[in-house]
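Not measured: the values here are computed from a predicted model.
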Amino acid sequence: MFESLSDRLQGVFANLRGKGRLTESDINEAIREIRMALLEADVNFKVVKDFTANATAKCMESDILDSLTPAQNVIKVVMDELTRILGGTDSRLELSANRIPNVIMLVGLQGSGKTTAAAKLAYLLKQQNRKPQLVACDVYRPAAADQLETLGCEVGVAVFRGDGADPVAIAKAGVREAVDNLRDVVIIDTAGRLHVDEAMMAEAENIRSAVEPDEILMVVDAMTGQDVVNVAKAFAERVDFDGVIMSKMDGDARGGGALSVREATGKPIKFVSSGEKPDSLEAFHPDRMARRILGMGDVLSLIESAVKVQKEEEEAEVAERLARADLNLNDFIDMNRQIRKMGGISRLIGALPGGDKALAQGQVDEGALDSMEVIINSMTKAEREKPDLINGQRRARIASGAGVTVTDVNQLMKRYGEARKMMKKMMPAVTDQPARGKKGKKGKKGKKQRRPLLPGMPGGGFGGMNMSDLKKIQDLMKGE
């Protein structure tokens, strides 16, 4: 998603960067191109009108026109405006600590992904040490309750189906079931229709009145386009939902719905879903999405994913070994498994600046790390721990055991060497200076200070890496 829009915007900015000073004519031309890019991305025309008016006014200020880096200032204005129409600040679930259970009600059209979103939300809350329960209130779509029960079993969450055909009664009974079993969150999956109609709205209103939900979330298909605005407004008027779950963000639509819904309805996007896996539902960050649209990557989300999957007991040992660039082939396998948990190579590369473009051009080999793992598994324990032992004779044996050629083994060892160099740049060296103790205690040896495993990004870089290094990561993933 956003691929076409991102390419168009980056083309506009590339033209601006080639000019030392910007005139009003330059800015008007750039804003005109941005307007066309947004309209082609199926963004609501009223949202586009508001966006361009605000961006033009800010770009015409003397601080920008007289700046030594006017193009960068224009980019910042556009990023700020994109962040604003996407919501400005993060919006979270507002669950009450004084009410057990908290009730979350999902609404939306049929086919928007409500049932799948309900299971993903339950999985997310379970990871936050909550005890959620799903309630199947879609009594019209064939096998809707069966689907929810299957998904509930997959994520390890109880599902209440009820034994009647009245969605309101099922919702109320589901809440009582949660109380009886000490579950602190109830997620109600309601029925949808192929279009907005009176029966659906009346039913949603009745369920809301019966269970008094703490949060009502509307599930929106990100591939809907401009029509999402009309649908969202209809739901906002009748059930007054609190926020949006944007589903199917990994689709190939132009993304106009995601850029339109917040500005047009005033309702924030709270979650986005990219993929079918239970862990693919994530909190929505307007500023990070704006950066990705402008081709700046989303390294912060990548870092959060890395931290989430890393085991605490391994952190100190791995951090110090990587900081010394003491990377062996067992670590290579561990890195592969960590990347899988983070969503795979595509998500890793997509979070880096320019990564979305590389993915769109088919420059990333999804199976590159899996092929490496097959070869590494053909090595002995000593060879994996001390790769320097691998000579020509051993390479021939490894190739035979893995069913590959010696050239494939040589390429693996080359990539291993590049990765080792990359780790040295990414991870600052462990300092040998002892920590300062309290005054008056001399002779006591302080503990060695270890820098963070994932350093910050001074000057816009990723640790000690530059754009050339990021290109090498892409080449590593392609097997070049």
How would you list, by chain and number, every residue that makes a salt bridge (charged side-chain N to carboxylate O under 4.0 Å, His left out) with Asp240, sequence neighbours excluded?
Lys267

Residues forming a side-chain hydrogen bond (donor to acceptor under 3.5 Å, both in side chains) with Gln110, sequence neighbours excluded
none

Taking side chain to side chain contact (heavy atoms under 4.5 Å, CB included) as the test, write out the residues that go with Pro278, two or more places apart.
Tyr123, Glu154, Val155

Is a donor on one side and an acceptor on the other found under 3.5 Å between the side chain of Glu215 and the backbone of Glu94?
yes

For Val139, enumerate each residue passing the side chain to side chain contact (heavy atoms under 4.5 Å, CB included) test, keeping only those at least two apart in sequence or located in another chain.
Pro167, Ile170

Using the test salt bridge (charged side-chain N to carboxylate O under 4.0 Å, His left out), find all partners of Glu81 that sit at least two apart in sequence or belong to another chain.
Lys58, Arg84

Can you name the nearest heavy-atom pair linking Leu86 to Phe284, along with the distance?
O-CE2, 3.4 Å

Does any non-hydrogen side-chain atom of Leu121 lie less than 4.5 Å from one of Leu217?
yes

All heavy atoms of Lys126 vs all of Gly156, minimum pair found to be NZ-O, 3.1 Å

Side-chain heavy-atom pair Asp189, Leu134 within 4.5 angstrom cut-off:
no

Whether the side chain of Lys270 engages the backbone of Val244 through a donor-acceptor N/O pair (distance < 3.5 Å, no angle test) should be reported.
no

All heavy atoms of Asp221 vs all of Ser247, minimum pair found to be CA-OG, 3.6 Å

Using side-chain hydrogen bond (donor to acceptor under 3.5 Å, both in side chains) as the criterion, list what pairs up with Thr190, not counting sequence neighbours.
none

Spatial distance of atom OG1 (Thr56) from atom CZ (Arg32) [nearest 0.5 Å]:
10.0 Å

With a 4.5 Å limit on heavy-atom distance, are the side chains of Met218 and Ile216 in contact?
no

Lys76: what forms a side-chain hydrogen bond (donor to acceptor under 3.5 Å, both in side chains) with it, not counting sequence neighbours?
Asp80

Which residues pass the salt bridge (charged side-chain N to carboxylate O under 4.0 Å, His left out) test with Arg35, not counting sequence neighbours?
none

With heavy-atom distances below 4.5 Å as the criterion, would you say the side chains of Val78 and Phe51 are in contact?
yes

Minimum side-chain heavy-atom gap Leu109-Met200 below 4.5 Å
yes

Rounded at 0.5 Å granularity, tell me how far CG in Asn206 sits from CE in Met201.
13.0 Å

Is there a side-chain contact (heavy atoms from CB on, under 4.5 Å) between Leu95 and Ile104 once you walk through the steps?
CA-CA 9 Å; Leu95 302 180; Ile104 301 172; 4.1 Å; yes

Approximate separation, where rounding is to 0.5 Å, of Asp279 CG and Gln127 CD:
8.5 Å

How long is the span from the OG atom in Ser112 to the CG atom in Leu106, to the nearest 0.5 Å?
9.0 Å

Determine whether Leu124 and Arg130 make a side-chain contact, defined as any pair of heavy atoms from C-beta on separated by less than 4.5 Å.
no

Looking only at atom types and distance, does a side-chain atom of Lys114 sit under 3.5 Å from a main-chain N or O of Val219, one as donor and one as acceptor?
no

Results of side chain to side chain contact (heavy atoms under 4.5 Å, CB included) for Val179 - residues two or more places apart only:
Pro101

Is it the case that the side chain of Asp50 and the backbone of Lys46 share a donor-acceptor pair, with hydrogens and angles ignored and the cut-off at 3.5 Å?
no

Heavy atoms of Arg208 and Pro213 approach each other most closely as O-CD, 3.3 Å

Are any of the side-chain heavy atoms of Leu125 and Ile187 separated by less than 4.5 Å?
yes

Where is the tightest heavy-atom contact between Ala118 and Leu148, given as atom of each residue plus distance?
CB-CD1, 4.3 Å

Minimum side-chain heavy-atom gap Glu203-Tyr140 below 4.5 Å:
yes

With rounding to the nearest 0.5 angstrom, report the CD1 to OG1 distance, Ile245 to Thr116.
11.0 Å

Atom of Ile27, atom of Met60 and distance for their closest heavy-atom approach
CG2-CE, 4.0 Å

Is Glu149 reaching over with its side chain to a backbone N or O of Val159, donor-acceptor style, under 3.5 angstrom?
no

Under the side-chain hydrogen bond (donor to acceptor under 3.5 Å, both in side chains) rule, collect the residues that match up with Glu205, sequence neighbours excluded.
Arg238

One should read off an interatomic distance between Met105 CE and Ile207 CD1, to the nearest 0.5 angstrom, of 5.0 Å

Listed by chain and number, what are the salt bridge (charged side-chain N to carboxylate O under 4.0 Å, His left out) partners of Glu33, not counting sequence neighbours?
Arg8

If only atom types and distance count, is the side chain of Ser280 paired as donor or acceptor with the main-chain N or O of Lys277 below 3.5 Å?
yes

Please list, chain by chain and in numerical order, all residues satisfying side chain to side chain contact (heavy atoms under 4.5 Å, CB included) with Asp214, sequence neighbours excluded.
Ser96, Arg99, Asn102, Val103

